[in-house]
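Report on the structure given below.
Position 1 is the first residue of the sequence; numbering continues from there. The basis for the numbers below is simple: all heavy atoms, side chains too, and nothing from hydrogens, waters or symmetry mates.
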Amino acid sequence: RDNILSTLEDYGEILTEEDNFLFYFAGHGTMNKKGSQGFWIPVNAEQRNSHYIRNTSILEILKDFQALHIYLLVDSCFSGSLITRKVDEGHSDLLEQLPSRRVQTYGRKEVVSDGRPGQHSPFAACIISFLKTNKDRPISSLDLEYHVQKNVERNANQHPEAAFLHGLGDQSGQFVYRAKKDERDSNLKVSTTRLSKRSEAEAFIEAQDVNTIEAYQAHLEEFPNGKYKHRVVKALDKKLLKDSKYKPKQKHKASTGPIQ
């Protein structure tokens with residue numbers, strides 16, 4: 001729970017008005033007894049609402065994001081509870097230059113299928129298939145939404161929905177998916193840019209993604225008195241304890257037998 005919320009908050013500090021933010025949540029979801037509030041269930045949560053993540057908590061964090069486009073893909077039960085208002089916008093020309101705040105959910109306020117064991121859910125499989133078979137052209141959020149809603153219902157007893165996120169600054173723009181022409185060159189450019197002008201928050205997120213002792217140590221060397229120092233040290237200590245190379249040697253217990 002804390003990891004999901006803190007990671008979202010970290011991204012809120014580094015995103016600019018030129019960035020696009022795509023977030024995919026795959027897991028369990030639920031609603032309260034009144035059906036008025038939806039929750040995401042973190043992997044290690046106890047079975048009580050106070051240990052879950054409220055939809056409203058996610059939306060409150062997203063309100064502070066400066067990104068041009070924010071797009072949530074939510075693959076969980078009762079994910080439709082994120083949608084409070086729905087407008088049939090139809091298909092229009094690509095409007096990348098206008099801000100968008102949208103969500104696509106696996107279902108309405110309903111239980112959804114995980115699919116066959118060891119395979120993707122019907123929702124995830126549909127998204128992956130559509131993106132893989134359309135590498136040569138840009139795909140707008142509305143293109144993907146239309147495809148998912150049409151095809152998931154054909155193959156599963158679920159009802160995907162999509163809509164703008166109310167109150168977060170949506171201006172009917174569209175998130176657009178594009179295949180990378182050369183992933184190696186693209187990664188090199190991103191890496192070079194980050195080394196030259198990355199912020200502490202961005203460096204912290206990178207260290208978390210790599211999640212190695214060396215990554216956390218490098219972060220402390222680069223930002224020895226940064227505001228994330230406490231969290232980095234905590235993560236580093238945790239890794240040190242788990243890594244057998246760094247565990248202190250066990251002392252031999254004194255013999256309790258009779259002295260010769």
Side-chain angles (χ1 to χ4, degrees), residues 8 11 15 17-29 31 35 38 40 55 58-59 62-63 65 67-116 119-181 183:
L8 282 173
Y11 272 107
L15 293 172
E17 295 179 354
E18 297 179 352
D19 292 323
N20 296 336
F21 180 74
L22 174 67
F23 188 89
Y24 192 109
F25 175 78
H28 294 292
M31 294 194 70
W40 293 358
N55 288 346
I58 299 296
L59 298 178
L62 295 180
K63 277 185 180 180
F65 277 31
L68 178 62
H69 298 293
I70 298 174
Y71 202 89
L72 303 184
L73 290 166
V74 187
D75 187 350
S76 69
C77 295
F78 305 102
S79 50
S81 59
L82 269 165
I83 297 174
T84 56
R85 300 188 183 187
K86 190 173 180 181
V87 177
D88 184 8
E89 294 154 305
H91 288 261
S92 61
D93 294 333
L94 301 184
L95 297 173
E96 278 190 272
Q97 69 274 23
L98 295 178
S100 68
R101 306 287 188 266
R102 294 187 65 80
V103 59
Q104 179 158 21
T105 66
Y106 185 4
R108 299 171 183 169
K109 297 178 181 179
E110 59 189 1
V111 175
V112 296
S113 169
D114 292 334
R116 296 178 180 178
Q119 297 184 11
H120 295 295
S121 70
F123 178 73
C126 189
I127 292 173
I128 293 170
S129 175
F130 187 63
L131 294 177
K132 282 185 175 181
T133 55
N134 289 275
K135 293 181 179 180
D136 297 329
R137 68 179 184 89
I139 300 173
S140 73
S141 54
L142 292 182
D143 288 332
L144 181 63
E145 291 164 9
Y146 176 78
H147 177 83
V148 169
Q149 290 172 349
K150 180 179 178 181
N151 288 280
V152 169
E153 289 185 345
R154 289 181 174 181
N155 296 285
N157 188 28
Q158 311 297 165
H159 306 88
E161 291 190 317
F164 68 94
L165 292 165
H166 178 67
L168 299 189
D170 182 86
Q171 294 184 27
S172 300
Q174 292 190 43
F175 189 108
V176 177
Y177 300 82
R178 286 188 173 86
K180 292 182 179 180
K181 293 182 179 180
E183 189 169 354

Query raised in the report: Say you draw a straight line from CG of Asp75 to NE2 of His28; how long is it, rounded to the nearest 0.5 Å?
Result: 10.5 Å
Query - ring pair (Phe, Tyr, Trp, His ring centres under 6.0 Å), paired with Phe65, selected from Phe21, Phe23, Tyr11 - result: Phe21
Report task. Drop me the distance from Arg102's CZ to Ser141's OG, to the nearest 0.5 angstrom. Result -> 5.5 Å
Report task. Show your working on side chain to side chain contact (heavy atoms under 4.5 Å, CB included) between Val148 and Ile127 and close with a plain yes or no. Result -> CA-CA 7 Å; Val148 169; Ile127 292 173; 3.8 Å; yes
Query raised in the report: Is there side-chain contact between Asp143 and Arg137, with at least one heavy-atom pair below 4.5 Å?
Result: yes
Requested in this report: Given side chain to side chain contact (heavy atoms under 4.5 Å, CB included), test Phe78 with Asn55 step by step and report yes or no.
Outcome: CA-CA 11 Å; Phe78 305 102; Asn55 288 346; over 6 Å; no
Report task. Flag yes if more than 12 heavy atoms outside His159 fall under 6.0 Å of its NE2 atom; otherwise flag no. Result -> yes
Query raised in the report: Which heavy-atom pair separates Gln149 from Ala162 by the least distance, and what is that distance?
Result: NE2-N, 3.3 Å
Requested in this report: Answer yes or no: are there more than 12 heavy-atom neighbours, outside Gln119 itself, under 6.0 Å from its atom CD?
Outcome: yes
Query raised in the report: Which heavy-atom pair separates Gln174 from Ser140 by the least distance, and what is that distance?
Result: OE1-CB, 2.8 Å
Report task. Check whether any side-chain heavy atom of Lys63 sits under 4.5 Å from a side-chain heavy atom of Leu168, and report yes or no. Result -> yes
Query raised in the report: Does a side-chain heavy-atom distance below 4.5 Å link Tyr106 with Pro122?
Result: yes
Query - side chain to side chain contact (heavy atoms under 4.5 Å, CB included) evaluation trace for Ile70 with Leu15 - result: CA-CA 11 Å; Ile70 298 174; Leu15 293 172; over 6 Å; no
Report summary line: Tightest non-hydrogen contact, residues Gly38 and Ser81, listed as CA-OG, 3.4 Å
Query raised in the report: To the nearest 0.5 Å, what is the distance between CG (Leu22) and OH (Tyr71)?
Result: 8.5 Å
Query - OG1 on Thr105 to CD on Gln158, rounded to 0.5 Å - result: 10.5 Å
Report summary line: Rounded to the nearest 0.5 Å, the OG atom of Ser100 sits from the CG atom of Asn20 at a distance of 7.5 Å
Requested in this report: Could you please spell out the steps behind the side chain to side chain contact (heavy atoms under 4.5 Å, CB included) verdict for Phe123 and Gln104?
Outcome: CA-CA 10 Å; Phe123 178 73; Gln104 179 158 21; 4.0 Å; yes
Report task. Would you check if the side chain of Ser129 reaches a backbone N or O of Ala125 as a donor-acceptor pair within less than 3.5 Å? Result -> no
Query - Smallest separation among heavy atoms of Ser76 and Gly27, with atom names - result: CB-O, 3.1 Å
Report summary line: Rounded to the nearest 0.5 angstrom, the CG-CZ distance for Leu68 and Phe175 is 10.0 Å
